[in-house]
Colleague: 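So that we are looking at the same thing, I have put the structure below in structure tokens.
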Amino acid sequence: MVRFVCLIHLCLGMSFAHAQPKEPATQPTQLKRQSSYWLMSPETRAMQDDEALNPATFWVLDGQTLWNAPAGKKNMACAQCHGDAAVSMRGVAASFPKVVHHTLLSLEGQINMCRQNKQEAASLPLESKPLLSLASYLGQASKGMPITVERTPVNAADLEAGQRLFEQRIGQLNLSCAQCHAERAGLKLGGNLIPEAHPTGYPIYRLEWQTVGSLQRRLRNCMTGVRAEPYALGAKELVQLELFLMWRARGMPLETPGVRP
């Protein structure tokens, strides 16, 4: 109820924490940007930083096992083509989403395309533990590296579509992503600081979920929060929005697997 009332206040244009809304900043500069890591308590930051404390470590270890396990009709392991992921996959997770064979793919989409085309294996269900484990394992190989998503002639149309989705008002509360995470980032909503929504830690372990989840799961949560019908997992719109958010966070270091409240 508190969350709902606060969202109504935002919709009506009331200020938060006696602060004036900031100017729209859907394309913030490097100096303005901040990972939501810095909004967490010292205890939660310590949990993310220490592999022995980070709950997502179990997903990373499962991903390593899957990376080395033969699969599909070809009975091939990912490692047979790509070798040691810590070497061959370094920087890869920081470059997604990207257009592959004329299709915009998230990292999870690329994993499933490889399974289908190279291993002749069935796609892993979105949000399944095996898929999130592989994505977490590959993400960790890029931990600390800058996000490298850039605007190109190949992805420009999808990137622009993602920006439109970020700025589009939706739901019964008639709110956009930008109104919270660009215009009012740093203010408070329901007693919590509003983050800038840079997806630096995904796949991520959220304490409220008690599990690892993808960026698409979080985006769907936000859509439900403004009382909008969320896109289905894997929908093109979600991948376009993910592309825009990663481009918006370009240059920021990847934290995968992150931990958030």
Side-chain angles (χ1 to χ4, degrees), residues 48-150 152 154-155 158 199-205 211-217 233-234 239 242-243 245-247 249-259:
Q48 174 175 308
D49 295 341
D50 189 339
E51 289 184 13
L53 298 177
N54 190 326
T57 296
F58 293 105
W59 277 256
V60 173
L61 293 174
D62 283 350
Q64 183 178 23
T65 299
L66 290 167
W67 180 262
N68 293 291
K73 292 181 180 179
K74 290 192 174 181
N75 197 37
M76 289 181 60
C78 305
Q80 285 177 253
C81 283
H82 300 290
D84 182 0
V87 177
S88 65
M89 295 290 108
R90 185 162 170 76
V92 170
S95 68
F96 277 87
K98 65 172 60 173
V99 177
V100 181
H101 301 313
H102 309 291
T103 302
L104 181 66
L105 295 177
S106 63
L107 179 60
E108 292 84 352
Q110 177 65 68
I111 291 169
N112 272 332
M113 178 177 282
C114 280
R115 284 180 61 83
Q116 293 169 9
N117 296 342
K118 304 298 184 181
Q119 297 173 303
E120 294 187 13
S123 295
L124 296 169
L126 298 177
E127 291 306 304
S128 66
K129 188 172 183 181
L131 184 57
L132 289 169
S133 295
L134 280 166
S136 297
Y137 178 57
L138 297 182
Q140 190 183 56
S142 298
K143 189 170 185 176
M145 297 188 69
I147 293 170
T148 56
V149 173
E150 295 288 348
T152 69
V154 174
N155 72 9
D158 287 312
T200 54
Y202 288 87
I204 208 165
Y205 188 97
T211 189
V212 168
S214 70
L215 176 56
Q216 290 196 15
R217 177 175 179 177
L233 285 170
V239 187
E242 188 174 344
L243 171 67
L245 291 173
M246 288 293 279
W247 171 80
R250 64 198 183 280
M252 297 180 73
L254 207 64
E255 303 170 37
T256 307
V259 177

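Quick caveat, the model's predicted, so the values are computed rather than measured.
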Colleague: Would a 4.5 Å heavy-atom cut-off, applied to side chains only, mark S214 and L126 as touching?
Modeller: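 Answer no - side chains too far apart.
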Colleague: Can you give me the closest heavy-atom contact between S142 and G91, atom names plus distance?
Modeller: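 Scanning both residues, the minimum pair turns out to be OG-N, 2.8 Å.
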Colleague: Does Q116 have more than 12 heavy atoms from other residues, nucleotides or ligands lying within 6.0 Å of its CD?
Modeller: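 Check passes, neighbour count above 12.
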Colleague: Which heavy atom in S136 sits nearest to a heavy atom in P203, and how many Å separate them?
Modeller: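 For S136 and P203, the tightest heavy-atom pair comes out as OG-CB, 3.5 Å.
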Colleague: I would like to know whether L233 and E108 meet side-chain contact (heavy atoms from CB on, under 4.5 Å); could you show each step before the answer?
Modeller: CA-CA 11 Å; L233 285 170; E108 292 84 352; over 6 Å; no
Colleague: Is there side-chain contact between Q140 and E51, with heavy atoms separated by less than 4.5 Å?
Modeller: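 Q140 reaches E51 side chain to side chain.
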Colleague: Take K98 and V154 through the test side-chain contact (heavy atoms from CB on, under 4.5 Å) and record every step on the way to the result.
Modeller: CA-CA 9 Å; K98 65 172 60 173; V154 174; over 6 Å; no
Colleague: Roughly how far, to the nearest 0.5 Å, is the CE atom of M76 from the CD atom of E120?
Modeller: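 Rounded to the nearest 0.5 Å, the CD-CE separation comes to 10.0 Å.
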Colleague: Less than 4.5 Å apart, any side-chain heavy atom of E255 and any of I204?
Modeller: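 They are not in side-chain contact.
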Colleague: State whether the side chain of R115 and the backbone N or O of A122 hold a donor-acceptor pair below 3.5 Å, judged by distance alone.
Modeller: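 Indeed, once roles are kept as given, a pair shorter than 3.5 Å links the two residues.
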Colleague: Would the number of heavy atoms belonging to other residues, nucleotides or ligands and lying under 6.0 Å from NZ of K118 be above 12?
Modeller: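 Counting neighbours around NZ of K118, 12 or fewer heavy atoms of other residues, nucleotides or ligands fall under 6.0 Å, so no.
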Colleague: How long is the span from the CG atom in N112 to the CG atom in L105, to the nearest 0.5 Å?
Modeller: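 Between atom CG of N112 and atom CG of L105 there are 9.5 Å.
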Colleague: Identify the two heavy atoms, one from A141 and one from A86, that lie closest to each other, and give their separation to 0.1 Å.
Modeller: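 Result for this residue pair: CB-CA, 4.3 Å.
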Colleague: Got a second to check how far L134's CG is from D62's CG, nearest 0.5 Å?
Modeller: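 These two atoms lie 9.5 Å from each other.
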Colleague: Would the distance check show the side chain of T57 and the main-chain N or O of L53 forming a donor-acceptor pair, the cut-off being under 3.5 Å?
Modeller: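 It does not hold such a pair.
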Colleague: If only atom types and distance count, is the side chain of N54 paired as donor or acceptor with the main-chain N or O of P257 below 3.5 Å?
Modeller: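 Indeed, once roles are kept as given, a pair shorter than 3.5 Å links the two residues.
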Colleague: Any ring pair (Phe, Tyr, Trp, His ring centres under 6.0 Å) pairs touching residues 71-127, not counting sequence neighbours?
Modeller: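 Only W67-H82 qualify under ring pair (Phe, Tyr, Trp, His ring centres under 6.0 Å).
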Colleague: So which heavy atom on L132 is nearest to which on W59, and how close?
Modeller: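 Nearest heavy atoms, L132 then W59: CB-CD1, 4.3 Å.
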Colleague: Treating T148 as the side-chain partner and A94 as the backbone partner, does any N or O pair qualify as donor plus acceptor under 3.5 Å?
Modeller: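 Side chain of T148 to backbone of A94: a pair is present.
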Colleague: Considering only heavy atoms from C-beta outward, does the side chain of Q110 approach that of L138 to under 4.5 Å?
Modeller: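 SC-SC contact between Q110 and L138 ruled out.
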Colleague: What distance do L215 atom CG and M246 atom CE have between them, rounded to the nearest 0.5 Å?
Modeller: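 Here the interatomic distance stands at 8.0 Å.
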Colleague: How long is the gap from OG on S123 to CD1 on I111, to the nearest 0.5 Å?
Modeller: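 The distance works out to 11.0 Å.
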Colleague: Would you name the heavy atoms of A249 and P199 that are closest together and state the gap between them?
Modeller: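 The answer is CB-CD, 4.1 Å.
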Colleague: Can you measure from CG (D158) to CG (L243) and round to the nearest 0.5 angstrom?
Modeller: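 Answer rounded to 0.5 Å: 6.5 Å.
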Colleague: Which heavy atom of P97 sits nearest a heavy atom of V149, and at what distance?
Modeller: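 Distance-wise, the nearest heavy atoms are O-CG2, 4.3 Å.
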Colleague: Can you check whether N155's main-chain N or O pairs, donor with acceptor, with T152's side chain at less than 3.5 Å?
Modeller: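 Confirmed, T152 side chain pairs with N155 backbone.
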